[in-house]
Amino acid sequence: MANVVVVGAQWGDEGKGKIVDWLSERADVIARFQGGHNAGHTLVIDGQVYKLNALPSGVVRGGKLSVIGNGVVLDPWHLVSEIAKIREQGVEISPETLMVAENTPLILPLHGELDRAREEAAAKGTKIGTTGRGIGPCYEDKVGRRAIRVADLADRATLEARVDRALTHHNALRAGLGLEPVDRDGLIAKLEEIAPEILQYAAPVWKVLTEKRKAGKRILFEGAQGSLLDIDFGTYPFVTSSNVIAGQAATGVGIGPGSIDFVLGIVKAYTTRVGEGPFPTELTDETGERLGERGREFGVVTGRKRRCGWFDAALVRQTCAVSGVNGIALTKLDVLDGFDTLKICVGYELDGERLDYLPTASDQQARCTPVYEEMPGWSESTEGARSWADLPANAIKYVRHIEELIDCPVALLSTSPEREDTILVTDPFED
Ligand code: GDP
Ligand code: IMO
Ligand code: MG
């Protein structure tokens with residue numbers, strides 16, 4: 001028996017969806033444990049593209065149990081439309097194959113409105129560049145003990161009481177931002193209407209997963225976002241509102257930390273970021289443009305152009321440490337084909353001092369300048385390579401040097417968006 005946690009080791013969009021889909025063949029259960037529909041995970045299988053936000057990337061395989069854990073914030077209307085869309089692509093979803101934790105907080109329309117109103121009102125330099133999907137405001141309500149959770153949908157009196165409690169808080173906030181008060185009865189009616197659609201998937205996930213573990217089933221935990229967007233360890237305040245690192249997998253579904261056998265960090269062969277905030281290796285020149293074009297770096301959720309830059313080994317070493325990463329999946333190596341020289345950041349300079357990690361204070365992060373090593377690139381194509389033997393010598397050297405710098409071995413290597421264009425070095429489920 002082995003349980004594997006997949007986490008993004010940069011600023012998100014590392015290729016988690018592709019790798020989770022690939023690994024899910026070896027798993028029985030695929031569970032999301034944080035984040036919400038701010039995530040955009042892309043799978044490409046025989047040319048067909050699937051884009052998932054709230055649904056775990058295991059749904060496409062069929063025959064697996066997909067789980068949305070309590071660590072997630074769930075927009076019930078989005079889930080219903082996502083299910084409808086994925087069904088149109090021929091994927092079967094039923095209460096036998098999808099389970100939503102009863103203690104999952106619900107994202108309401110008022111959360112998205114608040115998220116967007118705050119971003120619009122933010123002074124220059126303080127905008128986060130959120131996805132506008134209400135993620136932060138919903139997590140605030142969870143911690144503030146005024147969230148409406150999946151289980152609350154089952155009882156009208158409880159639902160009304162929960163809505164009233166939430167609106168006492170939200171209407172006051174909305175007044176300050178110039179937003180109309182929420183239509184209470186309209187919101188309750190909308191929730192009652194969606195309730196049966198969601199309740200058919202509701203379950204005590206912690207209990208189901210305990211039983212699965214006892215029966216020797218394998219669980220694959222699918223992280224969203226990336227460690228540098230983690231609420232504690234990311235580039236705060238330019239982060240998302242959840243813990244995204246591996247420790248969250250346990251609390252985000254209700255299993256013990258000892259049940260995690262392998263942490264797989266997903267790492268892009270260069271760096272991207274979408275939204276505001278410090279990014280030491282960002283390239284605003286032609287090279288950055290070239291990375292963005294070759295890597296098709298546009299956000300799945302918002303369509304925004306992703307910022308691009310060289311690989312930052314100092315950052316990935318740091319994120320691998322906070323998640324206890326046992327091995328990485330290195331993705332998008334093919335995007336680097338054809339560069340004469342590749343740069344790798346190995347540390348920073350700040351006020352004349354050399355640092356080997358990114359400092360915590362936001363102003364210091366913004367002032368860090370990268371210290372680079374250079375490596376020769378390769379002119380051959382690595383696109384679609386399925387074995388080490390297919391890789392040019394300089395590409396292998398680049399990968400080996402990254403392993404050394406981040407102090408972590410490569411377990412998987414990805415060379416195109418297609419599911420099967422993947423090289424297995426170490427099976428995380430068997431290690
Ligand atoms: P996620 O959020 O981590 O799941 O990543 P996204 O799906 O947002 O972004 C990753 C993008 O890169 C998607 O369009 C994938 O299809 C694509 N992708 C994944 N792996 C590779 C790879 O090895 N090479 C190339 N060229 N594209 C890849
Ligand atoms: P996946 O799972 C990349 C970023 C947003 C913004 C910040 C806060 O596809 O890797 P939020 O809406 O969460 O409050 O926004 O976090 N962000 C992501 N960036 N990939 C993601 O998910 C992201 N989810 C949130 O752009 O900077
Ligand atoms: Mg994404």
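Positions are given from 1, in the same order as the sequence printed here. Order of listing sets the numbers, starting from 1, for every ligand and every atom in it.
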Pick, from [options], the option with the minimum heavy-atom distance to [atom].
atom	options	answer
atom 23 (O) of ligand 1	G15, S414, P417	S414
atom 12 (O) of ligand 1	E14, K332, E383	K332
atom 9 (O) of ligand 2	G40, G8, G35, P137	G40

Purely on distance, is any nitrogen or oxygen of [X] under 3.5 Å from one on ligand 1?
X	answer
R306	yes
G17	yes
V335	no
K18	no

Under-4.0 Å heavy-atom contact with ligand 1, by part of [X] that carries it:
X	value
D334	side chain
T415	backbone
V300	side chain

In this structure, which one of E222, K64, R218, R61 forms a side-chain hydrogen bond (donor to acceptor under 3.5 Å, both in side chains) with S24?
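Result for side-chain hydrogen bond (donor to acceptor under 3.5 Å, both in side chains) with S24: R61.
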
With S416 as reference, evaluate T382, T331, T422, D421 under the side-chain hydrogen bond (donor to acceptor under 3.5 Å, both in side chains) test and give the passing residue.
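Result: among T382, T331, T422, D421, D421 is the only option passing the side-chain hydrogen bond (donor to acceptor under 3.5 Å, both in side chains) with S416.
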
Should [X] be counted as touching ligand 2, given the test is an N or O pair under 3.5 Å?
X	value
T240	yes
R304	yes
E276	no
Q225	yes
T131	yes

Is any side-chain N of the basic residue among E403 and R400 closer than 4.0 Å to the acidic one's carboxylate O?
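Looking at R400 together with E403, the answer is yes, because their closest N to O distance falls below 4.0 Å.
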
Can you name the nearest heavy-atom pair linking G309 to L291, along with the distance?
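So the minimum-distance heavy-atom pair works out to O-CD1, 3.8 Å.
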
Going by the angle between their ring planes, with limits at 30° and 60°, are W11 and F279 parallel, tilted or perpendicular?
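Geometry flag for F279 against W11: tilted rings.
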
Students often mix this up, so state it plainly: with edges at 30° and 60°, are the rings of F311 and Y398 parallel, tilted or perpendicular?
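Rings of F311 and Y398: perpendicular, over 60°.
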
Please name the residue in the list K305, K268, R307 that meets the salt bridge (charged side-chain N to carboxylate O under 4.0 Å, His left out) test with E297.
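Only one option passes, and that is K268.
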
For [atom], which protein heavy atom lies nearest, and how many Å away is it?
atom	result
atom 17 (N) of ligand 2	L229 CD1, 3.7 Å
atom 10 (O) of ligand 2	K16 NZ, 2.6 Å
atom 6 (C) of ligand 2	G129 O, 3.1 Å

Atom nearest to the Mg ion (ligand 3) - D13, N, O or S atoms considered:
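The nearest such atom is OD1.
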
If you measure from each heavy atom of G226 to ligand 2, is any distance below 4.0 Å?
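No, G226 has no heavy atom closer than 4.0 Å to ligand 2.
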
May I ask you to check whether F339 and W378 place their ring centres under 6.0 Å from each other?
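Not under 6.0 Å, so no.
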
Between the side chain of R87 and the main-chain N/O of I93, is any donor-acceptor distance below 3.5 Å?
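Judged by distance alone, yes, a pair lies under 3.5 Å.
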
Hey, is the main chain of G129 close enough, under 3.5 Å, to the side chain of R304 for a donor-acceptor pair?
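Yes, because the side chain of R304 sits within donor-acceptor range (under 3.5 Å) of the backbone of G129.
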
For side chain to side chain contact (heavy atoms under 4.5 Å, CB included), just list the numbers for V244 and T240, CA-CA rounded to whole Å, side-chain angles, deciding distance to a tenth of an Å, and then say yes or no.
CA-CA 9 Å; V244 317; T240 193; 3.9 Å; yes

What part of [X], side chain from CB on, backbone N/CA/C/O, both or neither, has a heavy atom under 4.0 Å from ligand 2?
X	result
H41	side chain
W11	backbone
V301	neither

Step-by-step side chain to side chain donor-acceptor pair (under 3.5 Å) determination, Q34 to N243
CA-CA 7 Å; Q34 51 71 230; N243 280 117; over 6 Å; no

Is the distance between the Mg ion (ligand 3) and the nearest N/O/S atom of G40 smaller than 2.8 Å?
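Checking the Mg ion (ligand 3) against G40, an N, O or S atom does fall under 2.8 Å.
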
